[in-house]
Asks: 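This is the structure I want to talk about, given as structure tokens.
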Amino acid sequence: MERYNFKLIENKWQKLWESNKTFATTIDKSKKKFYCLEMFPYPSGKIHMGHVRNYTIGDVLARYKILQGYNVLHPMGWDSFGMPAENAARQNNLDPKTWTESNIQKMKLQLKKLGLSIDWDREISTCSDDYYIHQQKFFLELLKKKLVYRKENYVNWDPVDKTVLANEQVIDGKGWRSGAIVERKKLNQWFFNISKFSQNLLDGLETLDNWPNKVKVMQKNWIGKSFGCEIDFKIESDLPVNKIQCFTTRPDTLFGFSFLALSVDHEISNYFKDDPDFFKFKEECSKTGTTEEALAVGEKIGFKTKLKAINPLNPSQKVPVYFANFVLMDYGFGAVFGCPAHDQRDFDFAKKYNLEIKTVVKPDEENESFQVTNEAYTGSGKLINSDFLNGLNVPDESIIKTIKILEEKKLGKKKINFRLKDWGVSRQRYWGCPIPIAYDDAGNPYPIPDEMLPVKLPENIDLNSKGNPLDNQSSWKEVQINGKKLTRETDTLDTFVCSSWYYLRFCSPKEKSYGFSKDDIDYWMPVDQYIGGVEHAILHLLYSRFFMQALSFENTKFNILEPFNGLFTQGMVCHETYKDPDNNWVSPEEIETIDGKKYLKNDKSKLITVGPSESMSKSKKNTIDPEDIINNYGADSARLFILSDSPPEKDVQWSEEGIISSYKFIQKLWSLNTVILDEINKDHQKNNNEELEIYTQKFLKKITENLEKFSYNKIIANLYELYSFLSKEIKNSYKKEVLINNYKKILIAMTPIIPHFANECLEILEIKEIKWPEYDESKLREDIINIVIQFNGKKRGLIKTELNTTEKTLIEKINKDEKLIKYLDDKNIKKTIYVKNKLINIII
RNA sequence: GCCCUCGUGGUGAAAUUGGUAGACACAAAGGACUUAAAAUCCUUGCCGCUUGCGGAGUGCCAGUUCGAGUCUGGCCGAGGGCACCA
């Protein structure tokens with residue numbers, strides 16, 4: 001029997017799809033559209049197993065939807081700006097553009113070898129100027145809409161490399177590359193006003209029924225809506241300060257007020273500029289780092305001022321005002337009212353500085369003498385020691401009533417606050433989209449006029465000099481606008497901006513006048529199914545949602561608020577980890593197995609210890625190169641294996657045994673195909689099509705349902721079951737038409753999973769018309785079924801019987817059954833529960 | 001600390017949503033074919049007497065029900081997210 005030559009056959013089909021432009025799409029209003037999108041990759045030069053999984057999942061869906069008759073948009077592109085290119089360029093003395101473009105070529109070939117149903121005519125790359133020109137236009141459009149602004153903000157500053165670092169690039173307070181201690185520095189930065197849409201972004205989540213709940217919860221927490229009250233505290237001081245505004249969610253605990261704390265960046269700090277002690281304190285605060293996480297571990301410290309804050313509900317009470325390191329300037333008003341008894345953070349601070357801890361809430365089960373001692377009480381209960389507020393139920397009634405009283409007395413106002421901060425998009429790097437702005441000598445910004453766009457990145461730059469490379473390009477920096485000599489903005493945009501709108505560009509990849517055309521997005525948007533890693537649950541997905549809101553804002557032409565109708569987040573690809581006796585990581589191909597034990601291949605005296613399976617990473621050396629897998633076993637085997645065993649949303653374990661068994665399975669399917677062709681040629685005359693027909697219908701039902709639910713692992717199980725059924729059943733002398741008709745449907749249902757193999761078999765059978773085979777519910781019915789027999793809820797056997805057997809007949813059958821009759825004996829039947837066509841439970 | 005998700009064989013997992021627990025696969029052990037090996041195929045899988053049969057069994061404890069992996073309450077454990085957010 002001829003072996004299945006995957007190399008030849010896969011190559012043949014891939015060439016065919018390419019030359020026929022099988023997956024190229026255009027608008028066709030007679031058809032329903034389906035936009036299937038996977039998160040586009042960063043062009044590192046090599047695909048990894050994560051890509052294989054992500055793109056296989058998407059491809060299965062896209063191919064299924066094509067067969068169902070949808071007009072499917074399934075594009076691919078490159079998230080090609082970003083630091084790795086700069087680093088690689090610096091190391092290899094290359095230019096980032098050359099490096100990136102050659103990587104794209106390499107990766108594209110690898111992706112094509114997977115046999116994906118991609119419309120490559122729509123390929124885009126974010127680092128090419130015909131992409132980023134539109135991004136610059138969007139930037140200016142948002143600037144006009146006042147959704148972009150410039151402000152001074154604190155950043156992580158690496159004083160050696162002279163650049164801003166992202167939070168994740170600061171390790172133990174030091175720059176990841178230079179090792180220098182990171183400073184907190186105030187810089188002028190561009191911001192997108194994402195917080196303006198806080199409420200919209202929150203409301204939008206409610207409409208996203210096809211998103212994982214987990215992601216919605218994460219975004220909800222990130223947006224962080226809280227309900228409370230703003231309160232003006234009167235101040236007694238010899239400084240020209242007479243009030244401080246605070247935000248609080250617990251105005252009901254105002255009678256427990258014992259201090260007021262300010263951020264060191266609060267405007268009042270200006271009065272302390274010349275105080276050396278305050279300066280020292282501020283230094284101390286900045287040492288605790290800029291990341292919120294670093295702040296969290298740090299001890300609470302304060303700087304006492306001579307200011308006194310007056311309790312608005314009890315004007316005779318005056319409390320000290322502190323600067324404190326735990327107060328954030330960009331949340332609320334940078335000022336906090338402290339109630340130590342009912343807030344753990346305030347409690348810790350009060351303990352340290354010996355401030356009063358006055359209990360004003362008691363739990364329901366305690367009496368009025370209840371006292372907070374070791375930790376703050378934050379639960380529910382009743383207000384005590386609170387004058388006219390006493391007895392109110394905490395928290396709901398007490399908060400609402402207190403706000404009402406404060407409003408009536410004009411001491412405060414109901415207020416909703418969001419945790420979501422504006423998005424700082426300035427990056428002091430070369431390999432990104434230039435910000436289309438120039439400044440005059442006074443530092444006033446001017447937009448670059450439309451006809452001067454794109455602002456292209458200069459080429460042949462020196463990346464080895466310290467600091468921002470664009471800042472060192474004096475010839476590039478100078479620009480004349482309307483006869484005015486200006487200096488360009490030398491920061492580039494965060495690469496997350498590029499990926500915030502690429503899904504729109506795929507709809508109109510060649511459009512010149514704007515980032516996309518209205519006709520195109522009217523037809524294609526929103527993305528019906530977006531597929532990618534859960535690590536983008538917040539940033540990328542929230543930024544993209546914001547971008548859609550921002551483009552639709554004050555826009556009469558279109559109003560799309562949510563870019564991704566459905567979201568699916570796939571799990572990671574894991575592999576066992578290995579270490580040699582010297583505790584070094586060892587990669588799978590350096591290992592040889594002898595008698596079930598693993599040794600180092602080139603030194604078999606060294607025994608390898610097997611560690612837990614972890615997500616593939618270069619640092620642990622537990623990666624498997626997809627290219628090797630495809631070369632050795634073929635794309636269909638790789639696709640089959642990456643989908644098998646684990647549900648797509650969970651992590652999957654890669655194993656050598658697993659891929660081999662997938663490979664063998666395809667060989668078996670091929671042998672079976674040969675047998676079936678043989679049987680077809682024999683053209684038996686027996687007309688017993690029942691079993692095959694029912695099985696095929698059941699199979700199609702299962703496959704269809706599992707495709708709809710992303711239960712791709714179950715589809716693989718269905719295929720194995722199918723194989724074992726067919727390999728027995730096929731010898732049952734079916735007529736030619738019966739065999740072809742059923743087998744054809746089975747093969748078509750396989751094409752989304754193993755497209756090369758299934759298409760090849762269909763071609764041999766000369767099947768031209770390939771549509772998704774609908775199953776027929778009426779043909780699923782079996783006439784003889786098994787009924788479960790239970791006595792007192794315990795399963796005691798099965799009875800084969802006709803469909804719709806009555807309870808009476810069934811009990812008669814049980815009485816005739818040797819094995820079952822002994823349970824009945826001569827006992828009385830107290831009760832029977834009969835679930836028709838399924839089960840009978842006899843209580844005795 | 002707060003929020004979310006999940007606990008089923010040696011392993012990855014199924015179970016028509018309250019109705020046959022462990023489909024399908026990996027690994028292991030035994031067997032068949034073979035001079036032998038590889039490949040392939042079959043069987044087994046917890047505890048008892050041993051063809052068969054009976055019992056226990058879905059993290060633990062209780063509850064609802066004729067019937068619970070599935071529903072309810074409590075406990076234990078794992079993973080993920082957020083974290084001085086006032």
Side-chain angles (χ1 to χ4, degrees), chain A residues 212-222 224-226 228-231 246-251 253 260-261 263 288 291-300 324-328 330-339 343-346 348-349 375-376 378 417-421 534-535 537-538 574 596 613 641 644-647 649-662 664-665 668 701-702 705 711 713-724 786-798 819 830-835 838-844:
Chain A
N213 199 43
K214 178 171 66 166
V215 175
K216 288 193 277 189
V217 169
M218 278 161 75
Q219 291 211 358
K220 193 177 165 193
N221 292 341
W222 190 264
K225 182 177 181 173
S226 55
C229 176
E230 57 177 69
I231 302 174
C246 290
F247 171 74
T248 177
T249 54
R250 294 299 304 273
T253 61
L260 200 146
S263 160
T288 48
T291 67
E292 287 169 7
E293 211 167 342
L295 285 169
V297 220
E299 205 195 344
K300 288 160 191 57
N325 64 337
F326 60 82
V327 185
L328 307 170
D330 46 12
Y331 185 81
F333 300 100
V336 175
F337 112 78
C339 174
D343 181 295
Q344 192 56 43
R345 179 204 54 207
D346 295 347
D348 295 343
F349 190 76
E375 55 173 14
T378 53
N417 231 332
F418 293 94
R419 209 184 69 110
L420 182 64
K421 288 168 200 156
V534 74
E535 65 273 19
I538 294 176
C574 300
S613 186
F641 179 58
S644 63
D645 287 348
S646 292
E649 69 274 14
K650 287 181 90 180
D651 289 353
V652 65
Q653 319 290 330
W654 185 273
S655 74
E656 184 73 8
E657 293 80 12
I659 180 69
I660 290 172
S661 94
S662 292
K664 284 182 189 160
F665 184 60
K668 288 206 264 181
K701 181 177 183 199
K702 276 191 246 174
E705 286 174 352
S711 298
N713 56 322
K714 288 187 234 163
I715 293 182
I716 310 303
N718 298 151
L719 288 182
Y720 276 98
E721 284 164 339
L722 173 88
Y723 172 80
S724 76
N786 280 318
I787 300 226
V788 177
I789 314 300
Q790 293 185 339
F791 289 93
N792 289 339
K794 279 199 173 113
K795 179 199 162 194
R796 294 299 181 186
L798 293 171
K819 278 181 192 163
K830 285 183 191 152
K831 191 178 170 185
T832 58
I833 293 102
Y834 180 48
V835 184
K838 201 166 257 174
L839 162 149
I840 186 162
N841 188 7
I842 298 165
I843 311 302
I844 44 180

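A note on names: the letters A, B, ... follow the listed sequences, proteins ahead of strands, and every chain is numbered from 1.
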Asks: From B:C85, B:A13, B:U40, pick the nucleotide closest to the side chain of A:Arg419?
Replies: B:C85
Asks: Nearest 0.5 Å, please: how far is OH in A:Tyr834 from CG in A:Asn841?
Replies: 13.5 Å
Asks: Rounded to the nearest 0.5 Å, what's the gap from CG on A:Asn792 to CD1 on A:Ile842? Could you check?
Replies: 9.5 Å
Asks: Roughly how many Å is it from NZ in A:Lys220 to C1' in B:G81, rounded to a whole number?
Replies: 15 Å
Asks: Rounded off to whole Å, could you give me the CZ-to-P distance for the A:Phe418 and B:A86 pair?
Replies: 13 Å
Asks: Which heavy atom of A:Gly658 sits nearest to which heavy atom of A:Phe641, and what is that distance?
Replies: CA-CE1, 3.4 Å
Asks: Find the distance A:Ile843:CD1 to B:C66:P and express it as a whole number of Å.
Replies: 8 Å
Asks: Determine the Euclidean distance between corresponding C1' atoms of B:U16 and B:G79; express it in Å to zero decimal places.
Replies: 29 Å
Asks: Specify the separation, in whole Å, of atom CG of A:Asn221 and atom P of B:G81.
Replies: 13 Å
Asks: Which nucleotide sits closest to the side chain of A:Lys838: B:U16, B:C84, B:C3?
Replies: B:U16
Asks: Under a 3.5 Å cutoff on both atom distances, Watson-Crick or G-U, what's the dot-bracket for RNA chain B ([ ] crossing, | other strand)?
Replies: (((((((..(((......[....))).(((((.......))))).((((..))))...(((((..]....))))))))))))....
Asks: Using whole Å, what does the distance between atom P of nucleotide B:U16 and atom CG of A:Asn718 come to?
Replies: 14 Å
Asks: Any idea which of B:U40, B:G19, B:A25 is nearest the A:Asp645 side chain?
Replies: B:A25
Asks: Taking atom P of B:C84 as reference, at what distance in whole Å does atom CG of A:Asn417 sit?
Replies: 16 Å
Asks: Would you call B:U17 syn or anti, using the 90° rule around 0?
Replies: syn
Asks: What's the gap between B:G22 and B:A56 when it is taken at their C1' atoms, as a whole Å value?
Replies: 16 Å
Asks: Reckon A:Lys795 touches a base, only the sugar-phosphate, or nothing at all at heavy-atom distances under 4.0 Å?
Replies: base
Asks: Within the 4.0 Å heavy-atom criterion, would you say A:Ser655 contacts the bases, only the backbone, or no part of the nucleic acid?
Replies: nothing
Asks: Base, sugar-phosphate, or nothing: which does A:Asn713 touch, judged by heavy atoms less than 4.0 Å apart?
Replies: sugar-phosphate
Asks: Are A:Tyr720 and B:A25 close enough that a side-chain N or O sits under 4.0 Å from OP1 or OP2?
Replies: no
Asks: In terms of base orientation, is B:G74 syn or anti, with the syn window spanning 90° either side of 0?
Replies: anti
Asks: Suppose you measure atom C1' in B:A14 against the same atom in B:C4; what distance do you get, rounded to whole Å?
Replies: 25 Å
Asks: Quick check on RNA chain B: between A:Lys650 and A:Ile538, whose nearest nucleotide comes earlier from the 5' end?
Replies: A:Lys650
Asks: Closest approach to the side chain of A:Glu657, judged atom by atom: which nucleotide of B:G54, B:U5, B:C26 is it?
Replies: B:C26
Asks: Please give, in whole Å, the distance from B:G18 P to A:Ile833 CD1?
Replies: 17 Å
Asks: Give A:Ser644 one of three labels, base, sugar-phosphate or nothing, depending on what nucleic acid heavy atoms sit under 4.0 Å from its own.
Replies: nothing
Asks: Report the distance from atom CD1 of A:Ile231 to atom OG1 of A:Thr248, rounding to the nearest 0.5 Å.
Replies: 6.0 Å
Asks: Mind calculating the distance between NZ (A:Lys794) and P (B:C53) to the nearest angstrom?
Replies: 17 Å
Asks: Expressed as a whole number of Å, how far does the C1' atom of B:C2 sit from that of B:U65?
Replies: 36 Å
Asks: Keeping A:Asp343 on the side-chain end and A:Thr378 on the backbone end, is there a donor-acceptor pair under 3.5 Å?
Replies: no
Asks: Got A:Val788 and A:Leu798 here, is their nearest side-chain heavy-atom distance under 4.5 Å?
Replies: yes
Asks: Taking the side chain of A:Lys300 as heavy atoms from C-beta outward, which of B:A23, B:C84, B:A86 is closest to it?
Replies: B:C84
Asks: Taking the side chain of A:Lys714 as its heavy atoms from C-beta onward, which of B:G12, B:A21, B:A14 lies nearest to it?
Replies: B:A14
Asks: Of all the nucleotides listed (B:G67, B:C82, B:A86), which has the minimum atom distance to the side chain of A:Arg345?
Replies: B:A86
Asks: For A:Ile843 and A:Ile833: C-alpha separation, side-chain torsions, deciding distance, then whether side chain to side chain contact (heavy atoms under 4.5 Å, CB included) applies.
Replies: CA-CA 8 Å; A:Ile843 311 302; A:Ile833 293 102; 4.3 Å; yes
Asks: Counting only side-chain nitrogens and oxygens, does A:Lys664 get under 4.0 Å of the OP1 or OP2 atom of B:U40?
Replies: yes
Asks: How is A:Gln790 classified with respect to the nucleic acid when contacts are heavy atoms under 4.0 Å: base, sugar-phosphate, or nothing?
Replies: base
Asks: Base, sugar-phosphate or nothing for A:Val652? Non-hydrogen atoms, less than 4.0 Å.
Replies: nothing
Asks: Go through B:A86, B:A14, B:C24 for me and flag the one nearest to the A:Glu721 side chain.
Replies: B:C24
Asks: Can you tell which of B:C66, B:U20, B:A13 lies closest to the side chain of A:Val788?
Replies: B:U20
Asks: With the side chain of A:Val217 defined as its heavy atoms from C-beta on, choose the nearest nucleotide among B:G55, B:G19, B:C4.
Replies: B:C4
Asks: Find the distance between CG (A:Asn718) and CG (A:Asn713) and round it off to the nearest 0.5 Å.
Replies: 9.5 Å
Asks: Which is more 5' along RNA chain B, the nucleotide nearest A:Ser661 or the one nearest A:Asn792? Just name the residue.
Replies: A:Ser661
Asks: Hey, are the side chains of A:Asp645 and A:Gln653 touching, using non-hydrogen atoms and a 4.5 Å cut-off?
Replies: no
Asks: What interatomic distance, in whole Å, is found between P of B:A39 and the corresponding atom of B:U50?
Replies: 38 Å
Asks: Quick one: label A:Lys668 by what it contacts on the DNA or RNA (base, sugar-phosphate, nothing), any heavy atom closer than 4.0 Å.
Replies: sugar-phosphate
Asks: Return the minimal non-hydrogen interatomic distance between A:Phe333 and A:Phe247, and the atom names on each side.
Replies: CD1-N, 3.7 Å
Asks: Taking the C1' atom in each of B:U11 and B:C3, what is the distance between them to the nearest angstrom?
Replies: 31 Å
Asks: Grab the two heavy atoms, one from A:Phe326 and one from A:Ala261, that are nearest each other, plus how far apart they are.
Replies: CZ-CB, 4.4 Å
Asks: Quote, to the nearest angstrom, the P distance that separates B:A68 from B:C76.
Replies: 26 Å
Asks: Please report the distance separating the C1' of B:G55 from the corresponding atom of B:U40, rounded so that it comes out in whole Å.
Replies: 38 Å
Asks: Does B:G12 have OP1 or OP2 sitting under 4.0 Å from an N or O in the side chain of A:Ser646?
Replies: no
